[in-house]
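A, B, ... follow the sequence lines: proteins, then strands. Residue 1 opens every chain. Everything numeric in this text was worked out from a predicted model, so none of it was measured.
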Amino acid sequence: MDIKKQFREGLVTQNPVLVQLLGMCSTMAITTVFFNGVGMGLSVLIILTCSNIVISALRKVIPDSIRIACFIVVIATFVTIVDLLLQAFVPALASSLGVFIPLIVVNCIILGRAEGFCYKNGVAASAVDGVFQGIGYTWVLIVMCLVREFLGNGTILGGLSFLNDGNGIRILPEGVGALGISLPVGGFLVLACLIAFMQWMLARGEKKQSEEVAK
Amino acid sequence: MDVQQLFTIALGAILVNNFIFAQFLGICPFMGVSKKVDTALGMGLAVTFVMGLASAVCWVINEYLLINPAIYGDGPNLAFMQTIAFILVIAALVQFVEMFLKKNVPSLYQALGIYLPLITTNCAVLGVVLLNVQNNYNFIESVVYGITGGLGFLLAIFLFASVRERLDATMECPKAFEGFPIALVTAGLIALAFMGFSGLSVF
């Protein structure tokens, strides 16, 4: 088990959203307010880690032909648990994420990791993988939220109930923000820019590496 | 039956609250299967069919098994099992459709290929079922919402695939934006156009 490699893969080189291009729906849909992004990211992190552990523990018992159905049942169980917990303890978050919490069941990241990693690796490695892939997803969500909330609404850190009644800290004066960035259009555009940035960074890294090898 | 209500639901699902461009449901197949118009159309039709069917079946299951007062009385019901029950129903349904097509319409089965099993994990399908419950739609309304939501998906993926086919053939763009990012920008611009429909309040 190579924790350092898994850390790098989860956060950068195999980032679930920016490189593997999975889990687009929630990434664009809920990232309008800071707290939404944090809540969604942490929920996915917890569900991903738990389902990774259970699936890799059961990987020798699950028959090959019906494995997808088995994965989905495990994932759906944890999603239901998190959904009920959120409704009980953070009702504001649960209502603003709405249908996207139960939809974590069909989030390709979780099914993708189950199929691509846990089904072949041990419990400990799968748990670590779940945590790092979850952090990789969470940081992208948080960046998306910060950009979209700042440009679209002129505030940062919105949705935290102890901060200015959940309205966030206002930086730009009211009415200056580009409303379009908070609308669906903005989701597509901001994510496109982030992925483009990631492609640029990765290409630059490879170029540097090959130059060093050439020397 | 209130036809006006059904028309509002249909119009909303196809244009105003389009599943792709307004609600962000089903982005993965939308991006994945939109390189060619033919496959995009096949995928759109298959999704429409499954969404309609899933809306109907899940409504029945929800109403008669999970929250039926005749079974549970005033006590706690099985509403918390909705997510698990619905995803299992959808997975079984997709499997069933796959078997049916394989046996009876092999040509369509061949055309859809691997996209058919992928519909299980399409969030538009689970999304429409959950939204039916959330909006308290009755049976007819659920089915109409399912089918028209699917038609909205079909419209979106068809428009997008048409644009993308031309773009891929002719356009030059910065290297970093090649491939996926420029496709997202394209989708964003179509979403901008669809925003125009939000002014469409007929009733």
Side-chain angles (χ1 to χ4, degrees), chain A residues 18-19 21-31 66 68-69 71-84 87 98-112 179-180 183-204, chain B residues 18-32 80-88 90-92 95 117-131 133-135 173-195 198:
Chain A
L18 298 184
V19 180
L21 309 173
L22 299 172
M24 295 284 147
C25 305
S26 50
T27 310
M28 291 189 270
I30 52 94
T31 49
I66 55 159
I68 302 285
F71 296 163
I72 287 183
V73 174
V74 172
I75 297 167
T77 310
F78 285 113
V79 170
T80 306
I81 295 172
V82 169
D83 189 13
L84 294 176
Q87 278 176 25
V99 78
F100 282 94
I101 290 285
L103 280 181
I104 297 177
V105 178
V106 284
N107 190 319
C108 336
I109 297 175
I110 302 181
L111 206 58
L179 187 63
L183 293 171
V185 198
F188 283 107
L189 294 183
V190 173
L191 186 62
C193 293
L194 268 181
I195 294 177
F197 179 69
M198 198 66 177
Q199 288 193 356
W200 180 72
M201 290 286 283
L202 288 178
R204 214 177 61 151
Chain B
N18 186 289
F19 268 71
I20 300 284
F21 294 127
Q23 306 199 49
F24 290 116
L25 292 171
I27 300 285
C28 298
F30 172 72
M31 297 311 263
F80 68 91
M81 287 289 284
Q82 272 162 354
T83 313
I84 300 180
F86 291 165
I87 190 72
L88 282 178
I90 291 169
Q95 194 81 47
L118 282 182
I119 297 175
T120 310
T121 55
N122 183 338
C123 34
V125 181
L126 186 58
V128 80
V129 175
L130 291 168
L131 286 172
V133 173
Q134 217 171 62
N135 296 342
C173 69
K175 207 165 170 21
F177 271 90
E178 262 169 26
F180 206 82
I182 198 71
L184 276 178
V185 173
T186 315
L189 293 178
I190 303 179
L192 190 63
F194 263 75
M195 252 172 63
S198 61

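- Between A:Leu103 and B:Gly127, the closest heavy-atom pair is CD2-N, 3.7 Å.
- The OG1 atom of B:Thr120 sits 9.5 Å away from the CG atom of A:Leu111 when rounded to the nearest 0.5 Å.
- Annotation: the span from B:Leu184 atom CG to A:Leu191 atom CG amounts to 5.0 Å, rounded to 0.5 Å.
- Contact tally against chain A (heavy-atom pairs below 4.5 Å) for B:Ile27, B:Ile90, B:Thr186: the top residue is B:Ile27.
- Atom CD in B:Gln82 sits 10.0 Å away from atom OG1 in A:Thr80 (nearest 0.5 Å).
- With a threshold of 4.5 angstrom between heavy atoms, A:Ile195 approaches chain B through its backbone and through its side chain.
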Margin query: One pair to check against side chain to side chain contact (heavy atoms under 4.5 Å, CB included): A:Phe100 and B:Leu25. What are the steps and the verdict?
Written below: CA-CA 9 Å; A:Phe100 282 94; B:Leu25 292 171; 3.8 Å; yes
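- Contact count versus chain B (heavy atoms, under 4.5 Å) is highest, among A:Leu202, A:Leu189, A:Leu22, A:Leu21, for A:Leu21.
- Neither the backbone nor the side chain of B:Met81 comes within contact range of chain A; no heavy atom of the residue lies under 4.5 Å from a heavy atom of that chain.
- Using a 4.5 Å cut-off between heavy atoms, A:Thr27 makes no contact with chain B at all.
- For the set B:Pro181, B:Cys28, B:Gly188, the count of heavy-atom pairs under 4.5 angstrom toward chain A peaks at B:Pro181.
- In this structure, the portion of A:Leu183 lying under 4.5 Å from any heavy atom of chain B is its side chain and not its backbone.
- Across all their heavy atoms, A:Gln199 and B:Glu178 have their closest contact at OE1-O, 3.4 Å.
- Atom CD1 of A:Ile104 sits about 10.0 Å away from atom OG1 of B:Thr83, to the nearest 0.5 Å.
- Of the atoms belonging to B:Leu126, heavy atoms from both backbone and side chain fall under 4.5 Å from chain A.
- Heavy atoms closer than 4.5 Å to chain A are found in both the backbone and the side chain of B:Ala187.
- Looking only at heavy-atom pairs under 4.5 Å with chain B, the residue among A:Val106, A:Ile68, A:Ile30, A:Val79 that has the most is A:Val106.
- To the nearest 0.5 Å, atoms CD1 (A:Ile66) and CD (B:Gln95) are separated by 10.5 Å.
- The ring of B:Phe177 has its center no closer than 6.0 angstrom to the ring center of A:Phe197.
- The residue among A:Gly186, A:Cys193, A:Cys25, A:Ala76 with the most heavy atom pairs within less than 4.5 Å of chain B is A:Cys25.
- Checked options B:Phe180, B:Phe24, B:Phe30; the residue passing with A:Phe188 is B:Phe24 (criterion: ring pair (Phe, Tyr, Trp, His ring centres under 6.0 Å)).
- Taking CD1 of B:Ile84 as the start and CZ of A:Phe78 as the end, the distance is 10.5 Å to the nearest 0.5 Å.
- The part of B:Ile87 that comes within reach of chain A is its side chain, from C-beta onward, which places non-hydrogen atoms under 4.5 angstrom from that chain.
- Proximity to chain B (any heavy atom under 4.5 Å) is shown, for A:Val99, by both the backbone and the side chain.
- In terms of heavy-atom pairs under 4.5 Å with chain A, the best-connected choice from B:Leu130, B:Ile20, B:Ile182 is B:Leu130.
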